[in-house]
Amino acid sequence: MKRTLCTLCLCLLAWLAASAQNQIDELVSHYSIIGNGSFTTVVKRNPKTRAVQMVVKTLTLSGQHTRSMLRAFTQEKNSGTWMERKEGDTTILTLVTHQPGKERIYTLRYSADNAYTGSKTTIIITMK
């Protein structure tokens, strides 16, 4: 019985970590397609094996779409390591999630005075 309960808890935790990725990644994918900002993806590969070592995705948005990205970040802050800091008038939110074989770092930068002025979302995926 204890073993089943522990297995169920581990599955639930893994699902919660994946949902953080899914919600933020879906928004980044959505906004990169509709064209309300600029989107860049950089892939770093091992030169010998050509295996992917790191993927960096950057999305810069303007206007009201920053609010939905901010909402996704704050809803997912309990699914990983959460950090919030300010640099001048810029607020920086960071969420770090760990999965077997991967680490994901989500960063959102926006103006603390007015989130409608725009934002920059960066996702760094590191393969272990």
Side-chain angles (χ1 to χ4, degrees):
M1 180 66 181
K2 287 183 182 181
R3 187 177 202 175
T4 305
L5 186 58
C6 287
T7 303
L8 182 62
C9 287
L10 287 175
C11 290
L12 180 62
L13 288 174
W15 178 78
L16 287 174
S19 71
Q21 293 174 2
N22 291 338
Q23 188 172 8
I24 296 170
D25 285 336
E26 284 177 13
L27 276 177
V28 168
S29 177
H30 173 73
Y31 288 133
S32 68
I33 292 170
I34 64 172
N36 287 348
S38 64
F39 179 71
T40 335
T41 301
V42 177
V43 178
K44 180 181 176 185
R45 295 182 179 271
N46 181 321
K48 293 180 182 178
T49 64
R50 304 289 297 155
V52 175
Q53 293 178 322
M54 182 186 308
V55 178
V56 179
K57 299 177 183 181
T58 305
L59 174 68
T60 304
L61 291 173
S62 59
Q64 65 184 359
H65 302 296
T66 299
R67 290 277 184 199
S68 59
M69 195 61 77
L70 177 60
R71 200 173 314 114
F73 268 78
T74 54
Q75 287 175 351
E76 300 299 341
K77 69 182 180 182
N78 294 327
S79 62
T81 305
W82 174 261
M83 293 168 272
E84 183 173 345
R85 69 180 197 272
K86 295 190 185 286
E87 288 181 3
D89 68 339
T90 302
T91 300
I92 303 166
L93 307 177
T94 304
L95 174 65
V96 181
T97 62
H98 300 279
Q99 287 184 316
K102 288 184 186 178
E103 177 182 73
R104 290 176 175 255
I105 303 170
Y106 298 89
T107 305
L108 175 66
R109 294 173 175 264
Y110 66 96
S111 172
D113 296 331
N114 185 1
Y116 287 108
T117 58
S119 67
K120 181 177 181 179
T121 304
T122 305
I123 301 171
I124 301 172
I125 306 165
T126 306
M127 312 303 172
K128 294 179 182 177

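No experiment lies behind these values; they were computed from the predicted model shown.
Looking at residues two or more places apart in sequence or on another chain, you find a side-chain hydrogen bond (donor to acceptor under 3.5 Å, both in side chains) between Gln75 and Gln23. With sequence neighbours excluded, the residues that form a salt bridge (Lys or Arg N to Asp or Glu O under 4.0 Å) with Arg85 are Glu87. Every residue meeting the ring pair (Phe, Tyr, Trp, His ring centres under 6.0 Å) condition with Tyr31, not counting sequence neighbours, appears here in chain and number order: His65. For Ser29, there are no side-chain hydrogen bond (donor to acceptor under 3.5 Å, both in side chains) partners two or more places apart in sequence or in a different chain.
Ile33 and Leu27 are not part of a single hydrophobic cluster, where members link through side-chain heavy atoms under 4.5 Å apart. Linking Ile, Leu, Val, Met, Phe, Trp and Tyr residues whenever their side-chain heavy atoms come within less than 4.5 Å places Val43 and Val28 in a single cluster. Cluster annotation: Ile24 is not connected to Ile92 through the hydrophobic network of ILVMFWY side chains, with a link wherever side-chain heavy atoms come within less than 4.5 Å. A single hydrophobic cluster is not seen to contain both Met83 and Phe73; linkage of ILVMFWY side chains at heavy-atom distances under 4.5 Å, directly or through other members, places them apart. Hydrophobic clustering of Ile, Leu, Val, Met, Phe, Trp and Tyr side chains at less than 4.5 Å, counting indirect connections, unites Leu70 with Ile123.
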Which donor-acceptor pairs under 3.5 Å do the side chains of residues 48-61 make with protein atoms, sequence neighbours left out?
from  : atom 1 : to    : atom 2 : distance (Å)
Thr49 : OG1    : Ala51 : N      : 3.3

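Once rounded to the nearest 0.5 Å, the distance linking CZ of Arg104 with CD1 of Ile124 reads 12.0 Å.
The side-chain contact (heavy atoms from CB on, under 4.5 Å) test with Tyr106 is passed by exactly one of Ile125, Thr122, Asp25, Thr121: Asp25.
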